[in-house]
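In listed order, ligands and their atoms are each counted from 1. One is the number of the first residue; the rest follow in order along the sequence. Here the structure is a predicted model, which means the values were calculated and not measured. Both backbone and side-chain heavy atoms feed into the values below; hydrogens, waters and symmetry mates do not.
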Amino acid sequence: MVTAIFPAAGQGKRMQAGMNKVFMELAGMPIFIRTLLKFSGCDAIDKLIVVVGRDEVDFIKGIIGRVPGLKPYKVVAGGSERQYSVRNGLAAVDPETEVVLVHDAARPLVSEETILATIEAAKKVGGAVAGVPAKNTIKVCDDNAMVQSTPDRRFLWEVQTPQGFRLNTLMKAHELAAREDFLGTDEASLVERMGEPVQIVMSDYKNIKITTPEDIVIAEAFLRSDMAGRAINTVQEKMNDIVGMANVLKDKFFNKRVE
Ligand code: CTP
Ligand code: MG
């Protein structure tokens with residue numbers, strides 16, 4: 001069984017929208033609903049756990065209850081930090097789960113290929129993280145922004161979500177982090193510090209985390225270009241069907257072919 005946890009209990013401060021950004025609409029649909037539908041369309045996913053603010057639980061249950069096509073889900077209350085929200089989500093995971101995925105509700109553009117590849121790598125390695133090679137040169141600086149070193153870009157990856165783990169691995173990592181008061185910015189860092197392996201899975205540059213207002217513009221542009229691509233493919237398929245039918249008729253009646 002594969003269970004996906006969606007941290008959605010942030011405040012979206014950098015979006016400056018005066019609300020939790022994952023409830024904002026992206027091309028006519030709330031961001032977190034897009035994310036949940038993307039995973040629900042994936043055969044490999046069995047259950048969803050949505051983690052929202054303590055005072056948002058009932059409101060969100062009401063909204064999600066009206067969305068057709070979702071996999072079985074639970075809505076649970078999050079915490080003051082993303083890591084605490086994920087921990088609350090983990091506490092609600094069905095113990096029969098083999099692989100647990102954690103995916104930011106604010107990343108609605110993740111591809112099905114990335115979701116599947118993360119599950120497969122998590123089963124094999126124990127821990128897997130979607131990511132892309134860093135495009136920019138990255139500097140390590142001190143507190144005064146004085147450059148200390150320049151790591152070789154060949155070894156730098158920008159990591160995203162989903163991040164997938166065998167259930168007991170992520171449970172153990174969260175328990176250790178809680179005991180030692182360690183706060184990481186992603187799940188993998190909690191697993192890495194136990195010395196357990198984590199592999200990067202090649203994702204794509206469209207899987208952005210919607211964080212600041214310009215990300216909405218970028219994400220809508222990606223959605224528009226996907227829609228245009230799908231429309232062109234449909235027209236091409238229809239054209240091929242028409243030419244195919246015309247050839248059947250020509251073969252039958254005139255023994256000539258249309259090109
Ligand atoms: N998140 C969460 N619980 C928190 C903080 C964040 O579940 N206490 C979730 C967010 O809802 C988001 C994901 O973790 O889906 C990634 O976090 P981020 O992009 O930082 O979102 P916010 O914390 O909402 O945004 P900001 O940091 O700008 O306030
Ligand atoms: Mg945040």
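One option in Lys209, Gln16, Arg82 has a heavy atom closer to atom 4 (C) of ligand 1 than any other, and that option is Arg82. Ranked by closest heavy atom to atom 25 (O) of ligand 1, the top entry among Gly12, Gly10, Ala8 is Gly12.
On a distance-only criterion, Pro7 and ligand 1 share at least one N/O pair closer than 3.5 Å. The shortest N or O to N or O distance between Lys21 and ligand 1 is under 3.5 Å. Of the polar atoms of Val22, none of the N or O atoms is found under 3.5 Å from an N or O of ligand 1, judged by distance alone. Every N/O-N/O distance between Met15 and ligand 1 stays at or above 3.5 Å. For Asn20, no nitrogen or oxygen atom sits less than 3.5 Å from a nitrogen or oxygen atom of ligand 1, counting backbone and side chain alike. Below 3.5 Å of separation, one finds no N or O of Ile210 facing any N or O of ligand 1.
The number of heavy atoms from other shown groups lying within 6.0 Å of CZ (Arg54) does not exceed 12. The number of heavy-atom neighbours closer than 6.0 Å to CD of Glu220, taken from other residues, nucleotides and ligands shown, is above 12.
Aromatic ring centres of Phe32 and Phe6 lie farther apart than the 6.0 Å criterion allows.
Side-chain contact check for Asn207 versus Tyr205: every heavy-atom pair is 4.5 Å or farther apart. Using a 4.5 Å cut-off on side-chain heavy atoms (C-beta onward), Leu90 and Leu167 make contact. Looking only at side-chain heavy atoms (C-beta outward), Ile216 and Leu26 come within less than 4.5 Å of each other.
Contact atoms of ligand 1 toward Ala106: 15 (O) (distance under 4.0 Å to a heavy atom of the residue). Ligand-side atoms of ligand 1 in range of Ser85: 2 (C), 3 (N), 4 (C), 7 (O), 8 (N), range being under 4.0 angstrom from any heavy atom. If you number the atoms of ligand 1 from 1 as listed, the ones under 4.0 Å from a heavy atom of Ser80 come out as 8 (N).
Counting heavy atoms closer than 4.0 Å to ligand 1, residue Gln11 contributes backbone atoms (N, CA, C, O) but none from C-beta onward. If you look at Glu81 next to ligand 1, the close heavy atoms, those under 4.0 Å, all belong to the backbone.
Residues Asp152 and Arg154 are paired through a salt bridge, judged by an N-O separation under 4.0 Å between the basic side chain and the carboxylate.
The nearest heavy-atom contact from the protein to atom 8 (N) of ligand 1 is Gly79 O, 3.0 Å. From the protein, the heavy atom lying nearest to atom 7 (O) of ligand 1 is Ala9 N, 2.8 Å. The protein atom (non-hydrogen) at minimum distance from atom 26 (P) of ligand 1 is Lys13 N, 3.5 Å. Among all non-hydrogen protein atoms, the one lying nearest atom 13 (C) of ligand 1 is Asp104 OD1, 3.4 Å. Nearest protein neighbour of atom 20 (O) of ligand 1, counting heavy atoms only, is Arg14 NH2, 2.9 Å.
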Decide side-chain contact (heavy atoms from CB on, under 4.5 Å) for Leu190 and Phe182; before the verdict, give the C-alpha distance in whole Å, the side-chain angles of both, and the deciding distance to 0.1 Å. CA-CA 8 Å; Leu190 309 189; Phe182 175 81; 3.4 Å; yes

Is there a side-chain contact (heavy atoms from CB on, under 4.5 Å) between Ile218 and Ile208? Walk through the geometry before answering. CA-CA 9 Å; Ile218 296 167; Ile208 60 169; 4.0 Å; yes

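A side chain to side chain donor-acceptor pair (under 3.5 Å) with Asp186 is found for one member of Arg82, Gln163, Gln160 and no other, namely Gln163.
Donor-acceptor pairing under 3.5 Å is lacking for the side chains of Lys71 and Ser40.
Not a single heavy atom of Gly78 sits closer than 4.0 Å to an atom of ligand 1.
Every residue meeting the side-chain contact (heavy atoms from CB on, under 4.5 Å) condition with Ala17, not counting sequence neighbours, appears here in chain and number order: Met15, Met19, Met24.
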